Enquirer: 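This is the structure I have questions about; it appears just below.
These numbers come from a predicted model, not from an experiment.
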Amino acid sequence: QVQLVESGGGLVQSGGSLRLSCAASGRTDSVNTLAWFRRIPGREREFVAGISNSGDQVYAADSVKARFKISRNNELYLQMNSLEPEDTAVYFCAASTDQTVIRSRLAYPYWGQGTQVTVSS
């Protein structure tokens with residue numbers, strides 16, 4: 001099993017920045033791809049960004065690619081800049097044993113509990 005714990009969420013004004021972190025523990029040797037998803041109220045959980053183990057595959061959703069940056073070393077990070085009220089959501093860290101970054105939430109068996117990000121206008 002792999003345990004994931006997110007941190008760094010909070011309340012920020014429109015145009016502000018936040019940095020989310022995700023710490024993994026347990027059978028981390030089996031983990032390859034890491035990703036961020038978010039759940040906006042009333043919508044399905046959606047892919048935000050993903051990164052492969054080596055970092056040679058980095059993908060982000062079109063709605064955030066110019067503003068958010070995913071990275072990893074000992075932890076997974078999501079640097080979010082120019083935040084908009086539409087970014088308000090619960091953000092989840094997810095892990096997969098796949099070596100390819102997949103945008104479907106079904107590919108990720110391990111999930112954190114989520115961290116709330118609220119952007120005020």
Enquirer: Tell me, with the steps shown, if Phe68 and Leu18 meet side chain to side chain contact (heavy atoms under 4.5 Å, CB included).
Expert: CA-CA 10 Å; Phe68 293 7; Leu18 281 176; over 6 Å; no
Enquirer: With a 4.5 Å limit on heavy-atom distance, are the side chains of Glu6 and Leu20 in contact?
Expert: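 The answer is no, as the side chains (C-beta and beyond) never meet within the 4.5 Å cut-off.
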Enquirer: Measure the shortest side-chain to side-chain distance between Ile70 and Val58 over non-hydrogen atoms and say whether it is less than 4.5 angstrom.
Expert: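 Ile70 vs Val58: side chains touch.
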Enquirer: Hey, does the side chain of Trp111 reach the backbone of Leu4 with a donor-acceptor pair shorter than 3.5 angstrom?
Expert: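 No, because the side chain of Trp111 does not come within donor-acceptor range (under 3.5 Å) of the backbone of Leu4.
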Enquirer: Once rounded to the nearest 0.5 Å, what's the spacing between atom CG of Asn32 and atom OG of Ser96?
Expert: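 It is 7.5 Å, given to the nearest 0.5 Å.
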Enquirer: Evaluate the side-chain proximity of Gln116 to Thr88: yes if any heavy-atom separation is below 4.5 Å, no if none is.
Expert: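 Heavy-atom side-chain distance check passes, below 4.5 Å.
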Enquirer: Val12, Val64: one ILVMFWY side-chain cluster at the under-4.5 Å cut-off?
Expert: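 Yes, it is one cluster - the side chains of Val12 and Val64 are joined through contacts under 4.5 Å.
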Enquirer: Looking at Tyr108 and Ile102, would you say the former's side chain and the latter's main chain have a donor-acceptor pair under 3.5 Å?
Expert: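 Here the side-chain-to-backbone pair exists.
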Enquirer: Quick one: does Arg72's side chain have a donor or acceptor within less than 3.5 Å of a partner on Ser54's backbone?
Expert: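 No, the answer is negative, given that no donor and acceptor are paired below the 3.5 Å cut-off.
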Enquirer: Quick one: does Arg38's side chain get under 4.5 Å of Val117's, heavy atoms only?
Expert: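 Sidechains of Val117 and Arg38: no contact.
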Enquirer: Is there a path of hydrophobic side-chain contacts, each under 4.5 Å between heavy atoms of I/L/V/M/F/W/Y residues, joining Phe92 to Tyr77?
Expert: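 No.
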Enquirer: Work out which heavy atom in Arg67 is nearest to a heavy atom in Ser82; give both atom names and the distance.
Expert: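 The answer is NH1-O, 3.0 Å.
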Enquirer: Quick check: do Thr100 and Gln57 have side-chain heavy atoms less than 4.5 Å from each other?
Expert: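 Thr100 vs Gln57: side chains touch.
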Enquirer: Write down the atom of Pro85, the atom of Ser121, and the distance for their closest heavy-atom approach.
Expert: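 Between these two residues, the closest heavy atoms are CG-CB, 3.9 Å.
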Enquirer: Would you give the length of the straight line joining atom CG of Leu78 to atom CG of Leu34, rounded to the nearest 0.5 angstrom?
Expert: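 One finds 12.0 Å between CG of Leu78 and CG of Leu34.
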Enquirer: How far does OG of Ser63 sit from CG of Asp87, to the nearest 0.5 angstrom?
Expert: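 CG of Asp87 is found 7.5 Å from OG of Ser63.
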Enquirer: With a sphere of 6.0 Å drawn around CG of Asn74, does it hold more than 12 non-hydrogen atoms of other residues, nucleotides or ligands?
Expert: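 No, not enclosed.
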Enquirer: For residues Ser71 and Ile51, report the shortest heavy-atom separation together with the two atoms involved.
Expert: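 Smallest interatomic distance, heavy atoms only, reads CA-CD1, 4.1 Å.
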Enquirer: For the pair Thr33 (side chain) and Asp98 (backbone), establish whether a donor and an acceptor sit closer than 3.5 Å, ignoring hydrogens and angles.
Expert: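 It does hold such a pair.
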Enquirer: Going by the ring-ring contact (aromatic ring centres under 6.0 Å, His included) test, which pairs reach into residues 41-62, not counting sequence neighbours?
Expert: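 ring-ring contact (aromatic ring centres under 6.0 Å, His included) check on residues 41-62 returns Phe37-Phe47.
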Enquirer: Are Met80 and Tyr91 side-chain neighbours, meaning at least one heavy-atom pair lies under 4.5 Å?
Expert: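 Yes; the side chains approach each other to less than 4.5 Å.
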Enquirer: Does the side chain of Asn81 come within less than 4.5 Å of Gln79's, by heavy atoms?
Expert: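 Yes, close enough: below the 4.5 Å cut-off.
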Enquirer: Step by step, work out the side chain to side chain contact (heavy atoms under 4.5 Å, CB included) result for Tyr110 and Gln1.
Expert: CA-CA 8 Å; Tyr110 306 113; Gln1 289 293 327; 3.8 Å; yes
Enquirer: May I ask you to check whether over 12 heavy atoms, not counting those of Glu46, lie within 6.0 Å of atom CD?
Expert: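 Count over threshold, so yes.
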Enquirer: Less than 4.5 Å apart, any side-chain heavy atom of Cys93 and any of Trp36?
Expert: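 Yes; the side chains approach each other to less than 4.5 Å.
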Enquirer: Should we count CZ of Arg27 as having more than 12 external heavy atoms under 6.0 Å?
Expert: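 12 or below, so no.
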Enquirer: Quick one: OG on Ser14 to CG on Leu83, what's the gap to the nearest 0.5 Å?
Expert: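 Answer rounded to 0.5 Å: 8.0 Å.
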Enquirer: What are the two closest non-hydrogen atoms of Val101 and Ser52, and how far apart are they?
Expert: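 Distance-wise, the nearest heavy atoms are CG2-N, 3.6 Å.
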